[in-house]
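What follows is a single structure, written as structure tokens, with notes after it.
Atoms within a ligand are numbered from 1 in the order they appear, just like the ligands themselves.
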Amino acid sequence: MRSFFFVLALLATVSAVSIDVNDKDSICEAASYVANGELNYYEGLKYGGTVGMFASPNYWWNAGEAFGGLLDYFTFCDSGNKSLEKLIFNGMYHQAGDQYNYIPSNQSLTEGNDDQGVWGMAIIAAVERNFTDPEHSWLSMAQAIYNTMNSRWDTKHCGGGLRWQIFTWNSGYNYKNSISNGCLFHISARLARYLKNDTYAKTAEKVWDWMEELFFHEDDGELVIYDGAPIEENCTDHTTLKWSYTYGIFMSGAAYMYNYTEEAIWKQRVEEIWQVASSFFFDDNKIMQETQCWNNGDPKCNNDQRSFRSLFSRSIQLTSVLVPDMYDEMRPYVEASAEGAAKSCSGGSDGVTCGQNWSTGKWDEVYGLGEQQCALEVMMALLARDVDPPYTSKNGGTSKSQPNAGIDSQDNINENELKITGKDKAGAGVLTAIVLAIILGGAVWMLF
Ligand SMILES: *[C@@H]1O[C@H](CO)[C@@H](O)[C@H](O)[C@H]1NC(C)=O
Ligand SMILES: *[C@@H]1O[C@H](CO)[C@@H](O)[C@H](O)[C@H]1NC(C)=O
Ligand SMILES: *[C@@H]1O[C@H](CO)[C@@H](O)[C@H](O)[C@H]1NC(C)=O
Ligand SMILES: *[C@@H]1O[C@H](CO)[C@@H](O)[C@H](O)[C@H]1NC(C)=O
Ligand SMILES: *[C@@H]1O[C@H](CO)[C@@H](O)[C@H](O)[C@H]1NC(C)=O
Ligand SMILES: *[C@@H]1O[C@H](CO)[C@@H](O)[C@H](O)[C@H]1NC(C)=O
Ligand SMILES: *[C@@H]1O[C@H](CO)[C@@H](O)[C@H](O)[C@H]1NC(C)=O
């Protein structure tokens with residue numbers, strides 16, 4: 001394998017991605033190799049492929065995560081590229097689902113609150129970057145995501161919180177977790193800032209307070225964010241795994257809250273999360289790693305976990321802009337990680353395929369969509385100050401608002417609040433049968 005790739009690498013015109021972290025052109029050129037590598041996994045342009053989906057083993061949520069990164073790459077580096085714009089637009093819009101709430105009916109065997117939430121992060125980014133608006137505006141769809149997620153807030157167990165899963169039949173329905181709640185917190189904070197509307201900020205506060213009571217934990221003066229807990233023990237039997245994207249999503253959500261409210265407490269929360277994240281998710285040379293599954297030189301990260309640093313990198317990028325004081329603090333970590341990532345992008349038959357371990361100075365023979373995503377987004381974090389900050393509705397953003405979007409299209413089938421919607425086919429079928437029986441019964445009665 002090694003010699004095979006070695007020979008091909010010699011034949012290729014480019015055999016590594018080089019990057020000058022202080023030069024935008026160099027960063028964008030490096031990123032173009034990484035983005036093109038990422039698009040090798042895109043199914044939407046292939047014969048028989050599904051628009052908006054990436055090759056197996058990547059699930060629906062991985063696509064939402066990928067589009068968030070590609071959207072930044074388009075905005076920061078390649079905004080004149082019509083074919084890339086079309087690819088992102090079509091891919092993101094196609095997966096919105098019949099009710100434009102990012103609960104497509106054919107993903108109900110995999111979609112959890114966190115999956116919808118990660119798509120939500122990409123959709124609200126389209127709003128903030130003023131990305132070409134479709135007929136059903138990005139903002140209305142972000143609001144639909146917010147409304148449907150918030151409607152699942154479950155006070156019957158553990159005093160509140162979202163469950164991991166949306167649908168009762170998926171395993172993990174009885175688990176409440178930080179990433180799902182982090183997504184609701186994060187999206188609420190972004191909508192609050194974008195629309196200057198306190199209703200969303202109140203939701204963000206509600207989620208934070210609940211998290212603080214149950215899943216944030218002070219350990220030796222450091223903030224630990226638990227992964228989650230089953231409802232059976234009233235969410236007290238915690239799983240302690242630490243994932244970079246969870247810390248990132250809460251940190252950047254708090255950054256939006258600080259930028260919107262200007263309250264010192266939110267800045268303090270950003271600093272607290274960064275303090276622990278910057279020591280746990282980086283090596284001694286400030287190079288980013290997914291420490292939980294790094295496993296002492298023998299990484300055991302699964303396909304999902306291999307992509308988490310993309311959302312963590314995006315969160316650092318956003319935080320360093322929305323809390324300007326954090327920029328200088330974060331910059332050395334971003335530079336070291338982006339340089340390491342670029343060096344890892346020297347594998348495969350094209351000579352620019354990215355690897356997993358950015359500390360080795362070369363490709364480590366691990367490759368996939370996750371490796372491309374993480375490398376792309378850490379490079380984009382270098383450009384935090386080279387583009388306009390995320391727009392608001394008062395300043396640059398033009399996507400149309402529809403506050404009630406999604407409210408009556410709730411695919412909300414919590415056991416506690418069984419609702420009959422157009423999507424709840426079994427329920428709707430029973431209702432139709434009853435109505436038909438009444439009509440028929442009446443007709444039969446009238447005949448006599
Ligand atoms: C536009 O983007 C696509 C996809 O990233 C890429 O293949 C193509 O080379 C780009 N076109 C130009 C002119 O840069
Ligand atoms: C799911 O639904 C979308 C949109 O209706 C459709 O294009 C796609 O082929 C379906 N299947 C999969 C696996 O996404
Ligand atoms: C369950 O946890 C919530 C939140 O901490 C608390 O308010 C509630 O009293 C607990 N219920 C029981 C039965 O312990
Ligand atoms: C990553 O590479 C560094 C430097 O070679 C090595 O020390 C470390 O053990 C590697 N980590 C993993 C998880 O392989
Ligand atoms: C909010 O973000 C903008 C854009 O980076 C920045 O200019 C402004 O100072 C931030 N507000 C606060 C309170 O830090
Ligand atoms: C946002 O997009 C609209 C519609 O394309 C455009 O008219 C407006 O100038 C854009 N705003 C910015 C700040 O680019
Ligand atoms: C703020 O958002 C809420 C929730 O979507 C909405 O009901 C309300 O009308 C909005 N307020 C204003 C002033 O737009």
Side-chain angles (χ1 to χ4, degrees), residues 13-14 17 25 27-46 49 51-52 54 66-67 69-92 124-135 137-140 153-163 174-178 181 194 206-217 226 228-238 345 350 352 354 369 372-373 375-377 379-380 387-401 416:
T13 45
V14 196
V17 167
D25 290 341
I27 296 164
C28 285
E29 192 189 341
S32 75
Y33 294 117
V34 181
N36 285 335
E38 182 165 344
L39 290 173
N40 285 337
Y41 297 94
Y42 186 54
E43 295 281 272
L45 301 176
K46 293 181 186 153
V51 175
F54 287 76
F67 280 116
L70 289 168
L71 184 72
D72 274 354
Y73 168 66
F74 169 77
T75 310
F76 294 13
C77 287
D78 204 13
S79 57
N81 185 332
K82 291 285 170 204
S83 72
L84 182 59
E85 181 181 7
K86 197 172 149 199
L87 182 154
I88 296 171
F89 181 96
N90 289 345
M92 294 207 311
I124 183 76
V127 175
E128 293 172 346
R129 302 295 183 194
N130 200 36
F131 189 62
T132 314
D133 226 12
E135 191 190 337
S137 68
W138 300 120
L139 179 53
S140 72
W153 186 259
D154 164 37
T155 51
K156 302 237 165 58
H157 306 90
C158 318
L162 291 182
R163 293 163 181 264
N174 281 351
Y175 190 70
K176 291 198 175 178
N177 64 353
S178 294
N181 287 284
Y194 183 84
K206 169 184 81 177
V207 182
W208 185 280
D209 292 347
W210 182 79
M211 285 292 300
E212 199 157 55
E213 195 181 331
L214 280 111
F215 290 169
F216 292 158
H217 179 75
Y226 290 137
I231 61 172
E232 282 84 2
E233 286 80 31
N234 200 28
C235 296
T236 55
D237 186 13
H238 300 115
C345 298
D350 59 1
V352 289
C354 302
L369 179 64
Q372 297 303 125
Q373 285 179 273
L376 181 66
E377 297 220 35
M379 290 175 184
M380 292 304 98
V387 290
D388 287 344
Y391 294 133
T392 69
S393 59
K394 304 259 182 320
N395 161 26
T398 53
S399 190
K400 279 193 246 7
S401 173
N416 311 307

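- A donor-acceptor pair under 3.5 Å is absent between the side-chain atoms of E128 and the main chain of G397, judged by distance alone.
- Among protein heavy atoms, the minimum distance from atom 12 (C) of ligand 1 is reached at N81 ND2, 3.5 Å.
- Checked by atom type and distance alone, the side chain of N181 pairs as donor or acceptor with a backbone atom of N177 at under 3.5 Å.
- When each atom of ligand 1 is checked for a heavy atom of S83 under 4.0 Å away, the hits are 1 (C).
- Side chain of H157 to backbone of C235: no donor-acceptor contact under 3.5 angstrom is found.
- In this pair, Y226 and H217 present their aromatic rings parallel. The plane angle is below 30°, not in the 30 to 60° band.
- A distance below 6.0 Å separates the ring centres of F54 and F67.
- Of the protein's non-hydrogen atoms, the one nearest atom 6 (C) of ligand 1 is N36 OD1, 3.7 Å.
- Scanning the protein for heavy atoms near atom 9 (O) of ligand 3, the closest one is N234 ND2, 4.8 Å.
- Within a 6.0 Å radius of CD in E233, other residues, nucleotides and ligands contribute more than 12 heavy atoms.
- For atom 2 (O) of ligand 6, a protein heavy-atom neighbour is present inside the 4.0 Å cut-off.
- Shown here, atom 14 (O) of ligand 6 is in close reach of the protein: a heavy atom of it lies under 4.0 Å off.
- Of all atoms in ligand 6, listed by their number and element, those nearer than 4.0 Å to a heavy atom of Y391 are 13 (C).
- Note that CD1 of I231 and OG1 of T236 are 12.0 Å apart. Values are rounded to the nearest 0.5 Å.
- Proximity of a side-chain donor or acceptor of N395 to a complementary backbone N or O of Y391 within less than 3.5 Å is not detected.
- Residue N130 places at least one N or O, backbone or side chain, under 3.5 Å from an N or O of ligand 6.
- Of all protein heavy atoms, the one lying nearest to atom 4 (C) of ligand 1 is L39 CD1, 3.5 Å.
- Heavy-atom contacts of E213 reach the following atoms of ligand 3: 4 (C), 5 (O) (cutoff under 4.0 Å).
- Numbered from 1 in the order shown, with element, the atoms of ligand 1 that lie under 4.0 Å from a heavy atom of L84 read 2 (O), 5 (O).
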